[in-house]
Each structure stands twice: as C-alpha cells, then as structure tokens.
Amino acid sequence: MPHTRTRKRLLILLPVFIIFFAVQGTALALDREKTSAGLDFFIYLPIVQRNFPPGIHGVVTSNGSAAANVFLELRFYNGTSWSTSATTTTDSNGMFIFLNPPKLLANQLYYVLFPNSTDNTSQLAAWGTAVLDSYDGGPVHIGDFDIADIVLVAPVSGASVALPRQFTWQKRSATPTDSYEFNLTDFADGDPWFWTDPPLGYVDSYNLTSLPGDFESDFFYVWFMFVYDNQGGFGISYWARFVSFTNLQNPEAAPDKAPVPVNTLISFDQVDLPDVVQMKTD
C-alpha cells in the first residue's frame with residue numbers, strides 16, 4: 001500500500017515538476033536575453049514571447065525606469081512625404097504597441113517618434129527609433145529607448161570663449177550604450193552646422209580646438225547634443241546654449257543669451273528625425 005501511494009503521489013507531482021522546470025527554463029532564457037540587451041524583461045517579455053499581437057512595439061524608460069503615459073507617434077513615409085499613421089501612449093510598464101498597422105509597400109517606411117509635446121525639460125526634445133523599411137503584418141520589436149535628457153554643463157549660455165575649449169555635459173547613467181554627438185550651428189537658419197562624425201562614444205566632453213569652416217569669431221552660435229543608441233535610434237537634447245568665440249582673455253557672458261529649447265530650432269511638427277541629418281548637409 002505505501003508503494004502504491006508513492007506511485008500515485010509521483011503521478012500527481014510529475015506534471016507539476018514538468019511545468020516547474022519548463023517555467024525555470026523560460027526564466028533562464030529570459031535572463032540571458034536580459035543580460036544581452038540590458039533590459040528588464042521580467043515584467044513584460046513572457047507576454048511578448050507568447051501572446052504579443054501583430055503590431056510594432058517597444059518599451060520607453062526615463063533614467064532607466066518605466067515611463068508611463070508617454071505620447072508616441074508612428075510615422076509613415078509613403079515614398080514622398082512623412083505623416084502620422086497612428087498615435088499611442090505607453091502603459092504603466094513603459095510598453096507601447098501600434099496594433100495592426102498596414103503592411104509596408106516598396107519605398108515605404110515606419111519609425112516611432114517621441115516628440116516632447118509636454119515641454120518636459122527633464123526629457124529629450126525628441127527621440128526617433130530605427131526606421132523599418134519592411135513590415136509584413138506580424139509582431140515587430142522596433143526598439144526600446146530612454147527619454148531622459150542630456151544635461152549640458154559648460155560653457156554657460158551666452159559665454160564668449162577662447163579656443164581650444166572643452167564642452168561638457170552629463171552622461172545619461174542609465175544608458176551606458178549611448179554615443180554622443182556635439183553639434184554647433186547658427187540658431188537663425190542652421191547654416192553653417194558642425195557636428196562630430198563619427199559620434200564620440202560614451203563620453204561627457206568634447207574639445208573644440210579651432211573654428212570649423214564657415215564659422216566666424218564674435219558671432220553667437222548654439223551648441224547642443226545628439227545621442228545614439230545601439231539599436232539604430234537617436235535623440236536630441238532639450239536645450240541649446242549660445243556661445244561665441246573670441247581672442248579676448250576675459251570676455252563677459254551675454255546676459256540676453258539664455259538657453260533655448262532645441263524644438264525652436266528644429267520643429268518636429270515639420271521635420272522628421274530621419275531627415276535631420278539631411279538638414280545638416282543641405
């Protein structure tokens with residue numbers, strides 16, 4: 001009788017053990033994916049892996065924490081111009097999905113845009129994901145991204161500086177895969193426009209040794225930052241600061257040259273992020 005009871009017990013417990021080890025195996029697989037991508041998958045990945053519906057999805061964070069209620073646009077290129085195909089907001093875990101967008105045809109594109117429409121100065125002016133040039137209707141992970149701003153440090157806005165001069169900012173500590181790009185341009189019309197190519201890596205400074213071509217002394221330009229991730233996306237700092245270049249030993253800062261939001265230089269209602277690089281070169 002004890003032997004029969006044990007056998008029954010084993011028959012009852014065996015499915016439990018199978019389920020337990022299956023779940024453990026899934027958890028280990030998820031942990032490996034977390035390690036390689038640097039993301040907290042334990043909240044949402046089981047849903048993504050098994051039950052995610054057709055659509056374009058990802059996760060938004062701010063300083064590494066889930067960013068809820070963030071407004072996003074699915075931007076669509078029809079072969080001639082960009083438009084907003086759909087909008088959504090992130091859930092409490094920072095997840096977003098654009099359900100069942102139309103399939104892409106030849107020469108058509110999608111990307112997800114975060115436009116800082118609330119003028120939150122702790123967030124980037126904008127972020128754009130990698131661009132999709134094909135979409136067949138299934139579930140697609142377009143990329144996860146962080147919208148914390150890049151804090152500019154020095155020089156202060158309105159400063160007149162002698163060259164060489166080091167420009168500094170705060171690295172975003174939650175996203176060590178960031179690579180930064182220093183930008184300098186004429187605020188009035190974006191001409192001339194200088195930027196560091198290739199991006200500088202995960203650094204917090206850039207030493208400008210001489211005036212780039214077409215730039216002049218004693219004229220106020222603005223400097224600001226781009227940031228690139230390792231998934232094909234990039235964002236732009238919220239603020240731009242005025243700076244001029246002089247040979248004077250102790251120049252005074254211009255008090256009327258306060259920092260300006262980058263979106264007063266680049267209107268994200270009129271210019272799509274994939275086209276910003278073209279703006280620089282035009």
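For clarity, every value in this text was computed on a predicted model and none was experimentally measured.
Residues W193 and N183 bring a donor and an acceptor atom of their side chains to less than 3.5 Å of each other. Y238 and N120 share no donor-acceptor pair across their side chains, judged by distance under 3.5 Å alone.
A distance-only check finds a donor-acceptor pair linking the side chain of Y135 to the backbone of G138 [under 3.5 Å]. Between the side chain of Y110 and the main chain of Y77, no donor-acceptor pair closer than 3.5 Å is present. With N116 contributing its side chain and L124 its backbone, the two residues share a donor-acceptor pair below 3.5 Å. Without hydrogens or angle criteria, N93 side chain to M95 main chain gives no donor-acceptor distance under 3.5 Å. Listed for the N78 side chain is no donor-acceptor partner under 3.5 Å among the backbone atoms of F76. Formation of a donor-acceptor pair under 3.5 Å by the Q166 side chain with backbone atoms of L208 is not found in this model. Between the side chain of T89 and the backbone N or O of V70 there is no donor-acceptor pair closer than 3.5 Å. Side-chain atoms of T61 never come within 3.5 Å of backbone atoms of A66 as a donor-acceptor pair (strictly under, hydrogens ignored). Looking only at distances, no side-chain donor or acceptor of R165 sits under 3.5 Å from a matching main-chain atom of F245. Remark: the backbone N or O of I266 is not paired with any side-chain donor or acceptor of N263 at under 3.5 angstrom.
In this structure the side chain of T87 reaches within 4.5 angstrom of the side chain of F71, judged on heavy atoms. Residues Y111 and L273 have side chains in contact (heavy-atom distance under 4.5 Å, counting atoms from C-beta outward). Between V60 and F114, every side-chain heavy-atom pair lies at or beyond the 4.5 Å cut-off. At least one side-chain heavy atom of P274 sits under 4.5 Å from a side-chain heavy atom of V131. Counting heavy atoms from C-beta on, the side chains of V153 and Q170 come closer than 4.5 Å. At a threshold of 4.5 Å between non-hydrogen side-chain atoms, the residues D218 and S244 do not count as touching. Within the 4.5 Å cutoff, the side chain of T185 has heavy atoms near those of the V222 side chain. Side-chain contact between I56 and L132 is present, with heavy atoms from C-beta onward closer than 4.5 Å.
The aromatic rings of F224 and F226 sit tilted relative to each other, their planes meeting at an angle between 30° and 60°.
Rounded to the nearest 0.5 Å, atoms CZ (F96) and CG (L74) are 9.0 Å apart. Between D272 atom CG and L113 atom CG the span is 6.5 Å, to the nearest 0.5 Å. In this structure, L109 CG and S85 OG are separated by 12.5 Å, a value rounded to the nearest 0.5 Å. Between the CG atom in L184 and the CZ atom in F167 there is a gap of 6.5 Å [rounded to 0.5 Å]. How far OG of S237 is from CZ of F182: 10.5 Å, rounded to the nearest 0.5 Å. Expressed to the nearest 0.5 Å, how far CG of D149 lies from CD1 of I236 amounts to 11.0 Å.
Heavy atoms from other residues, nucleotides or ligands lying under 6.0 Å from CG of N107 number 12 at most. For CG of D119, the number of neighbouring non-hydrogen atoms (other residues, nucleotides, ligands) closer than 6.0 Å is greater than 12.
Here the closest heavy-atom approach between residue E216 and residue L211 is recorded as C-CD1, 3.7 Å. Between P155 and R241, the shortest heavy-atom distance links the atoms O-NH1, 3.1 Å. When every heavy atom of T209 is checked against every heavy atom of L163, the shortest pair comes out as O-CB, 3.8 Å. Counting all heavy atoms, side chain and backbone alike, P101 lies closest to G55 at CD-CA, 3.9 Å. Scanning all heavy atoms of the two residues, the minimum distance from V271 to V276 falls at CG1-CG2, 4.0 Å. Here the closest non-hydrogen pair linking T246 and S160 is CG2-CB, 3.9 Å.
In this structure, K171 fails the cation-pi test against Y180, since its NZ or CZ atom is not both closer than 6.0 Å to the six-membered ring centre and inside 45 degrees of the ring normal.
Residues W223 and L200 share a hydrophobic cluster, clusters being chains of Ile/Leu/Val/Met/Phe/Trp/Tyr side chains in contact below 4.5 Å. Clustering ILVMFWY residues whenever any of their side-chain heavy atoms sit less than 4.5 angstrom apart, transitively, puts M279 in a cluster other than the one holding W127. A continuous path of Ile, Leu, Val, Met, Phe, Trp and Tyr side chains, each step under 4.5 Å between heavy atoms, connects Y228 with F268, placing both in one hydrophobic cluster. Linking Ile, Leu, Val, Met, Phe, Trp and Tyr residues whenever their side-chain heavy atoms come within less than 4.5 Å places Y206 and Y202 in a single cluster. Note: the hydrophobic cluster containing W169 does not contain L265 (ILVMFWY, side chain heavy atoms under 4.5 Å, direct or indirect links).
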**OP:** Kindly indicate, with the supporting measurements, whether the criterion side chain to side chain contact (heavy atoms under 4.5 Å, CB included) is fulfilled by D186 and F220.
**Re:** CA-CA 7 Å; D186 184 345; F220 276 100; over 6 Å; no
Subject >> Pair S62-I147, side chain to side chain contact (heavy atoms under 4.5 Å, CB included): steps then yes or no >> reply: CA-CA 5 Å; S62 182; I147 58 175; 4.1 Å; yes
Subject >> Worked verdict on D178 versus R172 for salt bridge (Lys or Arg N to Asp or Glu O under 4.0 Å) >> reply: CA-CA 8 Å; D178 284 347; R172 305 193 308 165; 2.9 Å; yes
Original post:
Would V112 and I142 count as a side chain to side chain contact (heavy atoms under 4.5 Å, CB included) if you check the C-alpha gap in whole Å, the side-chain angles of each, and the deciding distance to 0.1 Å?
Top reply: CA-CA 8 Å; V112 174; I142 198 168; 3.9 Å; yes
Original post:
Run the side chain to side chain donor-acceptor pair (under 3.5 Å) check on T84 and E73 step by step: do they pass?
Top reply: CA-CA 6 Å; T84 298; E73 299 179 24; 2.8 Å; yes
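Residues F187 and F242 bring their aromatic ring centres within 6.0 Å. Close placement of the Y221 and F215 rings is indicated, their centers lying within 6.0 Å of each other.
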